[in-house]
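Single-structure report; data block below.
Both counts, for ligands and for their atoms, begin at 1 and track the order of listing.
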Amino acid sequence: MDKLLIRGGNRLSGDVVISGAKNAALPILCAGLLTADNLHLSNIPNLQDVSTMLKLMRQMGLRIEQEAGSNKVTLNGGDITKLEAPYELVKTMRASILVLGPLLARFGEAKVSLPGGCAIGSRPVDQHIKGLQAMGAEITIDAGYIYAKAKRLKGTRIVTDMITVTGTENLLMAAVLADGETVLENAAREPEVSDLAQLLVAMGAKIEGIGTDRLVIQGVDKLHGASHTVIADRIETGTFLCAVAAVGGDVTLRNTRSNLLDAALDKLREAGAILTTGEDWIRVQMARRPKAVSFRTTEYPGFPTDMQAQFMALNCIAEGTSHVTETIFENRFMHVQEMNRLGAAIDIEGNTAIVKGVEKFIGAPVMATDLRASASLVIAGLAAQGETLIERIYHLDRGYDRMENKLSSIGAQIERVK
Ligand SMILES: CC(=O)N[C@H]1[C@@H](OP(=O)(O)OP(=O)(O)OC[C@H]2O[C@@H](n3ccc(=O)[nH]c3=O)[C@H](O)[C@@H]2O)O[C@H](CO)[C@@H](O)[C@@H]1O
Ligand SMILES: C=C(OP(=O)(O)O)C(=O)O
């Protein structure tokens, strides 16, 4: 199993090109199930979850063309034969639940494995199911599979109990081919939801309220092909910004947008980073020890839960004490124990971590437990004195496009070892 070996202490400098967003690319690939025409997609990131999603799509009968070494993918859903997402693929990637809405909307039938609970929380899909049932689907759950059937989904008003990102995306993809009007209240406003909605509009869908918490969809009979460029990955962007803020340096991130992560950028400025931004770049300069910053995670446009662990790494070596409150997932502090192994001083009280800044991390062997926890350990390793060996980095590979290559190119000493 691959591991990452990091020798900490190097300042970072140079340019990094940010990839397309994982959390936009995954639902967008599922939109390929909604039409028999070609979807031409660009800026698809090269990461494990995308490979898994493409494998799932191929199994269903989608034709996929992908030029080697390019970030372009063409999908054709003209010959879909298998309306099923099996456990073997769903268990490695939660986003595979996103095939449920499109399959049901276009083919009236789907069999999708229930995604298992994972390290960050129980993550049920009851809101996806409740919404589809409200649209007239008959849904049963048997032996770990969701069996869904509907002659044609019917538009209706759906109010989800909480804001759910993939729940909104699943119901949106169901609603675009439903009969009549669907109103999604309490919709997620994450930029990745809007990116999916923009693609659906390019395919002929009728959607109003994009970017708001109320999406109004007029169902159409058929969608057609389209071309779309996936938005920049704001979480990859934030991860690199945190790395520079933790170890110091001067780095410009290209192909990204500062207005996708305002809350995180405010916190970085508070921590002492100097940020300058252009239309598609962000420059970060850090020449001091970071200052501790307190925050609570919330839905977009608030501080993203997917950046909590990386900022925790920064706080560990900051001047002062911070309070970090996680409000989205009930078990997203798995990195705390590993950071304490690297010399951090973190206590947990309920859903708040109290982080007392220490002078430095000291390198040690640690274990990655989930995707963003892995990224936070990489940041800790880059800032640490001595060597850090991170095990189980398959979590990192799920969601980052060649992270160690990008970090090496700006001066980090990081290598993949067996
Ligand atoms: C592939 C993808 O886009 N993943 C992102 C998506 O995950 P995901 O879409 O799974 O996260 P949700 O927004 O659905 O989850 C928010 C909260 O609602 C709960 N919930 C959700 C659905 C449901 O049917 N019932 C229920 O109880 C969840 O357990 C969680 O506590 O949004 C999360 C929150 O920004 C991010 O951390 C993930 O990176
Ligand atoms: C939790 C995440 O992803 P997923 O929903 O795919 O598990 C993430 O991207 O941080």
Check: Side chains of R332 and T305: is there a donor and an acceptor less than 3.5 Å apart?
Finding: yes
Check: Hey, which atoms in ligand 2 end up nearer than 4.0 Å to a heavy atom of R372?
Finding: 8 (C), 9 (O), 10 (O)
Notebook entry, point to check: Within the structure, does T305 bring an N/O atom to less than 3.5 angstrom of an N/O atom in ligand 1?
Noted result: no
Next item on the list: Please determine if E190 has a nitrogen or oxygen closer than 3.5 Å to a nitrogen or oxygen of ligand 1.
Entry: no
Next item on the list: Please report which non-hydrogen protein atom sits nearest to atom 31 (O) of ligand 1, along with the residue it belongs to and the distance in Å to one decimal place.
Entry: I328 O, 2.6 Å
Notebook entry, point to check: Between T164, T168, N23, which one has a non-hydrogen atom sitting closest to atom 5 (C) of ligand 1?
Noted result: N23
Notebook entry, point to check: Going by heavy atoms, is R332 under 4.0 Å from ligand 2?
Noted result: yes
Next item on the list: Report, in ascending order of atom number, the atoms of ligand 2 lying under 4.0 Å from any heavy atom of K22.
Entry: 2 (C), 3 (O), 4 (P), 6 (O), 8 (C), 9 (O)
Check: Just by distance, with hydrogens left out, do N71 and N43 show a side-chain donor and acceptor under 3.5 Å apart?
Finding: no
Margin query: Would K267 and F295 count as a cation-pi pair here, with the cationic atom under 6.0 angstrom from the ring centre and within 45° of the axis?
Written below: no
Margin query: So if I count the atoms of ligand 2 from 1 in the order they appear, which ones are less than 4.0 Å from some heavy atom of R398?
Written below: 3 (O), 4 (P), 6 (O), 7 (O)
Next item on the list: Write out the residue and atom name of the closest protein heavy atom to atom 24 (O) of ligand 1, then the distance separating them to 0.1 Å.
Entry: Q127 N, 2.8 Å
Margin query: Using every non-hydrogen atom in the two residues, find where S322 and V293 come nearest and quote the distance to one decimal.
Written below: CB-O, 3.4 Å
Next item on the list: Please confirm whether R123 comes under 4.0 Å of ligand 2, counting heavy atoms of the residue only.
Entry: yes
Check: Where on E169 is there a heavy atom closer than 4.0 Å to ligand 1, on the side chain, on the backbone, on both, or on neither?
Finding: neither
